[in-house]
> 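Structure provided below as structure tokens; questions to follow.
Heavy atoms only: backbone and side chains are in, while hydrogens, waters and symmetry mates are out. Residue numbers run from 1 in the order of the sequence given.
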Amino acid sequence: MATPNANPLAMKHSLSQQGKTPSQSQQGKTPSQSQQGAAATPLASFSPYGPRSSPQAVKKSPANAATMMNHPSSSATMNFDSPSTAAFNALQIGGGLTWVYPTWMGLGHPQGTRKRTVSRNWTRSLTSSVKGLVSEASLERLAKKLELEVLWENDVGGKKSLVVGGSQIELLITFSQPDVVESVALNFPLSGDIVTKHAEDASKIFAKNLQLDPGQSSLTKKMDNFVDNFERIATLDRLSVYPSLNLLEAVAGIYESLHRLYLYELQATRNDIAFAGNSDELLDNTVLCTKSGSPAMNARERVGLTVDFWKANRYLTTTARSAEWKAKRKIWCARIGCAPLGSSGVNPVRVSDKWIGEGVVKLALAGDLEEGMVDWLQPDNTLIMPDPSKDGNHELMQSDPPLLGARLPEVGFLVTFDPPIHTTLALVESMHHQLGCVFPNYMTTNLVSYDSLLPIQRGTTDKAPDGPTVTRTKQVSAYTSGCLDSVSRTHCYNLFVHKPVYGQTVTDVLFEHPQQLISMLPYLRQYAFLSLLLENSFAEKPTPPPAALPAEAPKPKTRIRKVKTNMANLDELMKPEAPQPPPDSVIDVTLNVHQVPELAVVFPFRSGTATVVVEIRANGAVHVQSQTVLDESNIVAPDGRQRRVEDIGGLLENFEDIGRWCEFMRVRWA
């Protein structure tokens, strides 16, 4: 292969010779007409859109590989009556040059290439979010995509069964009719009782995901929920290494330890005098929202381990609530699974159910400062012994097991938060350094401010720089001072952001010990409650659908169509909008998340305004930093009870809505 000339002067000299004759024997002669055209535009013959792209022009062109690029090679002597071959030789692809699409030559992309690429990418992104409908073909496709074995069986009575198998799982799906699922059974043939005791509940969830609802057609049954649930189980099966590493037992072991911790904390809360007389539901919500959370296996139509750690309306009981209200109640949970470690630096998984001591908490000793703290344990490492039969090394098969060399798994525990938590970037860095967990999405996207991550609509761009970021007008139901009738009042909310800080959305976290997960829950609750407050106050609620017509609706009357002239339409368009009535109350909220999340609220009170500054602390606790609501005139309630500053924060925790909170104090405490 020829070596390119390293002398830049020689390169420039060779390019200056492109318009001259290629041989000494032709000096002094006048080039032919075809040679003159080729010399004037040496690259025109290479263009598929050029007017003189003929084989003859390329064959006779002096702008060949040897003279244009000064890179002699064997391919330069080839003469084919093909413009594509000449262009190939001239670009010296066979001479070791790297191919780059010649857009810099003025050729551009082939016609339609960019359009087809954009269309293909758009179609791919659209179809990747669609899981499809429940059918025999779609279920078989899903199993093969997840690298599982598939087997069809014909049962008695014309029924068919699809058997999906992996190294640790076996799923049996029975069809009563084509694309109509009759039953689903999930088995774990190689797992212990710690896993198999949850198989029946998981089978019921899979059956509900695939079976038709009453009156539903198979053409409308989606498999989104089934795909989400089955992929989690299939991922644990695919990453397992039989018989050394069973990730199903690893996740189930964490559940056993966290469930013992939950039962201990629930009993301790029940024995606390401060919670005497509370219902079991309120006690459960207290443990869920202030302690180690509530773990569950196969709960709320989700297969696998989930840890609920926050709940909307946590002080309300659902005894007299409808099933629809219970289903819409927002719950924050952590879904625990496994994922490859890569280069994250996190220690690998350990298969054990002994993450916590037998007594759950540490025993009280003389001078022990850790009295009452959780007795976390460190289980032994799980090692994977190599399998020579799979590696194809028959010499290792005859050697002693200690000589084979065990290795650590390349898999770690992964927690996925649903819904994701919007926090500040500083908090993510602090949890990473202090707890040792890894955030895979950390700094992988463009840096944005924390307030831009909140589920509230942005303000308009034509506002003043010192104006509110978000302005929202809403109707709020308020009770009169007699607490008998409720009235609707119009509130105008203005959100101001004090010195925006960088934010981060926490979705996935790699960890090595459940203690890390429990330790970060108080800070995640802090920002979950802050997001809930702002969402209830500033987010636009979806418009409810129109009410259905009665069963026997009267026939519509004949309508007379009125025709408007263009001038009438123009007058109607140019007609100024009717002025909106002023709001009953204007509430200004200033958000500050530099250290501890802080809200400064200014609202109408008595004949002026009142200001309350609150901090949202760990576990969503509201601490009143300053207030101008309570004074000597209203410190004592009409019933003689002494009002405290802490009651202001407790009201906000109960209402979870800034507007209703302000309206209560305006009406009741004025």
> Surrounding NZ of K222 (heavy atoms of other residues, nucleotides or ligands, distance under 6.0 Å), is the total greater than 12?
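Counting other residues, nucleotides and ligands, NZ of K222 stays at 12 neighbours or fewer.
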> Could you walk me through whether H491 and T473 satisfy the side-chain contact (heavy atoms from CB on, under 4.5 Å) test, starting with their C-alpha distance in whole Å, then the side-chain angles of each, then the deciding distance to 0.1 Å, before giving a yes or no?
CA-CA 6 Å; H491 284 187; T473 302; over 6 Å; no
> Among residues at least two apart in sequence or on other chains, which ones pass side-chain hydrogen bond (donor to acceptor under 3.5 Å, both in side chains) with R300?
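R300 satisfies side-chain hydrogen bond (donor to acceptor under 3.5 Å, both in side chains) with D308 once adjacent residues are dropped.
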> So does K208 have more than 12 non-hydrogen atoms from other groups sitting under 6.0 Å from NZ?
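Not more than 12 within 6.0 Å, no.
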> Considering all heavy atoms of both residues, which atom of L212 and which atom of K221 are nearest to each other, and what is their separation?
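Closest pair (atom of L212, atom of K221, distance): CD2-CB, 3.5 Å.
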> Could you work out, with side-chain contact (heavy atoms from CB on, under 4.5 Å) as the rule, every residue matching S279, not counting sequence neighbours?
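Only E281, L282, T317 meet the side-chain contact (heavy atoms from CB on, under 4.5 Å) criterion with S279.
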> Hey, can you tell me if F664 and F655 have their rings parallel, tilted or perpendicular (30° and 60° cut-offs)?
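Tilted, since the angle between the ring planes falls between 30° and 60°.
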> Pair L210, L139 - check side-chain contact (heavy atoms from CB on, under 4.5 Å), show working.
CA-CA 10 Å; L210 296 178; L139 291 173; 4.1 Å; yes
> Would N225 and E301 count as a side chain to side chain donor-acceptor pair (under 3.5 Å) if you check the C-alpha gap in whole Å, the side-chain angles of each, and the deciding distance to 0.1 Å?
CA-CA 8 Å; N225 295 333; E301 299 185 12; 4.9 Å; no
> Decide if the gap between the ring center of H198 and the ring center of F188 is smaller than 6.0 angstrom.
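They do not qualify: ring centres at least 6.0 Å apart.
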> Check the pair E182 / K159 against side-chain contact (heavy atoms from CB on, under 4.5 Å), numbers first and verdict last.
CA-CA 9 Å; E182 182 182 49; K159 299 181 180 179; 2.9 Å; yes
> Can you label the angle between the W332 ring and the W310 ring as parallel, tilted or perpendicular, going by 30° and 60°?
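Taking W310 first and then W332, their aromatic rings stand perpendicular (interplane angle over 60°).
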> Do W355 and E256 have a side chain donor and acceptor closer than 3.5 Å?
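Distance-only check fails for W355 and E256.
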> With a sphere of 6.0 Å drawn around CD of E410, does it hold more than 12 non-hydrogen atoms of other residues, nucleotides or ligands?
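Incorrect, the count does not exceed 12.
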> Should we say atom CD of E149 is surrounded by more than 12 heavy atoms from elsewhere, each under 6.0 Å from it?
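No, the 6.0 Å shell around CD holds no more than 12 heavy atoms from other groups.
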> Could you tell me whether the side chain of N154 and the main chain of K160 form a donor-acceptor pair under 3.5 Å?
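Looks like no, no N/O pair under 3.5 Å.
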> Do the side chains of V622 and F529 get nearer than 4.5 Å, heavy atoms only?
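Contact flag for F529/V622 side chains = yes.
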> For residues F230 and L146, determine if any side-chain heavy atom of one lies less than 4.5 Å from a side-chain heavy atom of the other.
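Yes, close enough: below the 4.5 Å cut-off.
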